[in-house]
Number of protein chains: 2
Amino acid sequence: MKKKEEKELVGVKEIARRANVAIATVDRVINNRKGVSEKTKAKINAIIEELNYKPNILARRLASKETLMFAVLIPSVSKETDYWEAPLEGITQAQSEIVSYGIEIDKYFFDQNDTQSFLIESRKILDKKYHGILLAPMFAKESAEFVSECTRRSIPVVFINSDLPDTPSLCYIGPDLYHAGGLAAHLCGYLIEEEDRILIVNISEIDNHRHFLRKEEGFKDYFYESKKSNAILKLDIKETNYKAISKELRKIFNSERVNLVFVPNSRVFYVAKFFEEYEIDNVRLIGFEFLAKNIKYLKKGTIDFLICQKPIEQGYRGIMTLYQHCVLKNRVKKVHYMPIDIITKKNYKFYSN
Amino acid sequence: MKKKEEKELVGVKEIARRANVAIATVDRVINNRKGVSEKTKAKINAIIEELNYKPNILARRLASKETLMFAVLIPSVSKETDYWEAPLEGITQAQSEIVSYGIEIDKYFFDQNDTQSFLIESRKILDKKYHGILLAPMFAKESAEFVSECTRRSIPVVFINSDLPDTPSLCYIGPDLYHAGGLAAHLCGYLIEEEDRILIVNISEIDNHRHFLRKEEGFKDYFYESKKSNAILKLDIKETNYKAISKELRKIFNSERVNLVFVPNSRVFYVAKFFEEYEIDNVRLIGFEFLAKNIKYLKKGTIDFLICQKPIEQGYRGIMTLYQHCVLKNRVKKVHYMPIDIITKKNYKFYSN
DNA sequence: CTGAAAGCGCTTACAG
DNA sequence: CTGAAAGCGCTTACAG
């Protein structure tokens, strides 16, 4: 049970004593506040350097009267997919951990199928003064505009789930879509034979979503690079109700021989449902995301593999990165790719998003 | 930029005011220190309840002069396997995060093949006064004795990597070995055919290590439960140098047809090396742990799957759990199983231990 | 440009 | 059994 007194005490007090100035002046230098002559500033900085002084975050947050405000702007959870529940959970978790450090978080939600809703919410955010923003930049153009306005106001923005590489964000936290597709392709190697045929089923109301296209690219490139000759068909379904999906699937399954279906997003459960209804049990199935609807079919063996990229952690880390940057003033990594996890019927119980 | 003043202030001060006592008395009640009459205690507790008061951890650690001391007792990193580097990394990471909260960590290491070294180190720990201990209870009997002595002294002990279910620890953080074995078996289903034969290779100087036996059990039970009829052979190699291992493998590969090898620990790279040397490329290989030596063969395709259970996180969480318990006084989960991750040549780059 | 003093929400001697 | 006061390492007005 050591006592603190034994330690060498290096705080603002000691710095002030050595520099022969008041504590307030030291504080001004440490926090880059103006109103200090170059001369005293240099003197103090030298001492800070020499002492290898690190501010005590506890004391700082305790003494500071300022509450830091973060805004979160992500898609709302829809009936159709509850994917965004997971990042939200991570965000809420992070929130509870840092609330006592004087940080508050406001959450804003937009409709994934409605650009307008994004614009409305993003304007609300700009109307308030936030110290940091966590954003899912689904709509590329609108997000870029929003971010450049934030940048003008020096508000750091963290991207999760998908990236806009050319937009000046603080960082990106999320999947490497290309390699996720590549992994799916690699797993196919274990599921099918040389002559077998693959069907990519893209179920999405939004046309040619970057998200899915990039995965598809990684998927196809893997086959190309590993010189596999399996036929790869593609089916685009622009609706997200089971009836319509089932109809389209029926059509293609009646006319084509298919041995494996790859669904590059979370709607793989629709295909599983179709397989079950039509008693198709000799076709392998790979998809994305750890959702209850998907796990149900994974358990039964209808879905072979789910690929998942820690959606909860994306939300959690997103907030924590803002905290690192704004509060602790730490440098943060520009890109943080999530692991690409493989979920099967035998390990899903232990999976932590 | 809200100000704190806007918030309702509920601290020791307000409680003291309402209870009409001094702050010190409130402090005594909050921290269960003695020297308070039942009457005032009840009164203060009622107010705490009513206000739903949560102590401010920042202020507590800042004001407290006491440094909390944790001890870590894990195997040393040997040339033969660098597995324990990973948990150690997690421990060091956690350490750096909580050092400014007035917590110090001392690390002790024992030799996995030497019970005596464990006894020596554990005695050193008992000679000092620690507030919490992180332990890898490899040696069941000796660990149990050590833990019961700790329990007598009310020192909480957290287990990582392997559990002693009947020993009174604060909690266990690590793999569910049985299900890890089951997952390996499940993956086999994708790698081999009905007639194919499986060889379990156990490489370990220690006899019948609980660790490996439990995985083997999960592995075999899966085959039994899923009514697969593949032959399962077993080879025990009690040495950990390549020459001896290679000799044993050669012997069995000369006399038996084997289509898949399962190594229930991290020494799978020895088998991979053997395959490479003897140009065996039609035998599938599954093993454990994300080690450089293993990844090398995963990349080349010699190893098909590695199963990994977040060793870094085990160390990190172990320390953080002690922190949660000792500093934040939070309840901790009795058992925290790690996810069972599947690593392939296509996702290892993104894996985070 | 600089300083003295109060205060953040706790804990810790010390006094009674 | 209880209280008044100092202090943890910072920040924040306010005064000069």
Side-chain angles (χ1 to χ4, degrees), chain A residues 1-44 48 51 53-68 99-103 327-329, chain B residues 1-44 48 51 53-68 99-103 327-329:
Chain A
M1 219 188 270
K2 272 196 205 168
K3 299 290 169 184
K4 272 189 188 160
E5 295 102 77
E6 294 175 23
K7 292 196 229 166
E8 61 310 344
L9 32 88
V10 280
V12 281
K13 208 193 251 173
E14 173 66 9
I15 298 171
R17 196 186 60 75
R18 295 203 188 195
N20 220 329
V21 296
I23 293 175
T25 304
V26 175
D27 184 71
R28 286 183 186 100
V29 174
I30 289 169
N31 294 289
N32 289 315
R33 290 188 245 278
K34 53 184 179 181
V36 184
S37 73
E38 282 306 322
K39 207 179 131 202
T40 24
K41 195 170 173 177
K43 185 163 66 173
I44 291 171
I48 287 175
L51 258 43
Y53 165 77
K54 298 267 173 283
N56 183 321
I57 308 298
L58 270 61
R60 176 176 286 175
R61 287 310 308 165
L62 184 61
S64 175
K65 288 197 167 42
E66 187 190 359
T67 298
L68 282 177
V99 65
S100 62
Y101 298 80
I103 289 150
V327 179
L328 307 185
K329 316 277 183 203
Chain B
M1 219 187 268
K2 271 197 205 169
K3 300 289 169 184
K4 271 190 185 157
E5 296 102 73
E6 295 175 22
K7 292 197 226 162
E8 59 312 341
L9 32 88
V10 281
V12 281
K13 206 193 253 174
E14 173 66 7
I15 297 171
R17 196 187 60 74
R18 294 203 190 195
N20 221 328
V21 296
I23 293 176
T25 304
V26 175
D27 184 71
R28 286 182 186 102
V29 174
I30 289 170
N31 294 289
N32 288 315
R33 292 188 244 278
K34 54 186 177 176
V36 185
S37 73
E38 282 305 321
K39 209 178 130 202
T40 26
K41 194 169 175 178
K43 187 164 63 176
I44 290 170
I48 287 175
L51 259 41
Y53 165 76
K54 300 266 173 283
N56 183 319
I57 309 299
L58 270 62
R60 176 176 287 175
R61 288 309 308 165
L62 183 61
S64 176
K65 290 200 167 42
E66 187 190 358
T67 298
L68 282 178
V99 65
S100 62
Y101 297 79
I103 289 151
V327 179
L328 307 186
K329 315 276 182 202

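Because the structure is a prediction, the values reported are computed rather than measured. Side-chain atoms are counted along with the backbone in the values below, which use heavy atoms only and exclude waters and symmetry mates. In what follows, every chain begins at residue 1, and chains take the letters A, B, ... in the order their sequences are listed.
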Figure out the [atom1]/[atom2] separation between [X] and [N], and round it to whole Å.
| X | N | atom1 | atom2 | result |
| --- | --- | --- | --- | --- |
| A:L62 | C:dG7 | CG | C1' | 9 Å |
| A:N20 | C:dT2 | CG | C1' | 12 Å |
| A:R17 | D:dG9 | CZ | C1' | 16 Å |
| A:N56 | C:dG9 | CG | P | 16 Å |
| B:I15 | D:dG3 | CD1 | C1' | 17 Å |
| A:R28 | D:dA15 | CZ | P | 14 Å |
| A:I23 | D:dA13 | CD1 | P | 17 Å |
| A:E38 | C:dC1 | CD | P | 8 Å |

Where the side chain of [X] is concerned, which of [options] is the nearest nucleotide?
| X | options | result |
| --- | --- | --- |
| A:R33 | D:dT12, C:dG3, D:dC8 | D:dT12 |
| A:V12 | D:dC10, C:dC8, C:dC10 | D:dC10 |
| B:Y53 | C:dT2, C:dC10, D:dG3 | C:dC10 |
| B:S64 | C:dT12, C:dG9, C:dC8 | C:dT12 |
| B:A24 | D:dC10, C:dG3, C:dA13 | C:dA13 |
| A:R60 | C:dA13, C:dT2, D:dC10 | D:dC10 |
| B:A63 | C:dC8, D:dC8, C:dG3 | D:dC8 |

Would you say [X] places a side-chain N or O within less than 4.0 Å of OP1 or OP2 belonging to [N]?
| X | N | value |
| --- | --- | --- |
| A:S37 | C:dT2 | yes |
| A:T25 | C:dT2 | no |
| B:K13 | C:dC8 | yes |

If you take all heavy atoms of [X] and [Y], which pair is closest and at what distance?
| X | Y | answer |
| --- | --- | --- |
| A:K41 | A:V36 | N-CG1, 3.9 Å |
| A:R60 | A:V327 | NH1-O, 4.2 Å |
| A:R28 | A:K34 | CD-O, 4.2 Å |

Legend entry - Reported CD1-to-OG1 distance for the pair B:I15 and B:T25, which is rounded to 0.5 angstrom: 12.0 Å

Legend entry - Partner nucleotide of D:dA13 by Watson-Crick or wobble geometry (both distances under 3.5 Å): none

Inset, instruction - Please give the nucleotide sitting opposite D:dA4 as a Watson-Crick or G-U wobble pair, both distances under 3.5 Å, or none. - result: none

Inset, instruction - For residues A:N56 and B:R61, determine if any side-chain heavy atom of one lies less than 4.5 Å from a side-chain heavy atom of the other. - result: no

Inset, instruction - With DNA chain C as reference, determine whether A:A22 or B:N31 sits nearer its 5' end, using the nearest nucleotide of each. - result: A:A22

Legend entry - Touch class at under 4.0 angstrom, heavy-atom based, for A:I30 against every strand present: nothing

Inset, instruction - With heavy atoms under 4.0 Å as the rule, sort B:K34 into base, sugar-phosphate or nothing. - result: nothing

Inset, instruction - Ignoring hydrogens and angles, tell me if any N or O in the side chain of B:K43 forms a donor-acceptor pair with the backbone of B:A19 under 3.5 Å. - result: yes

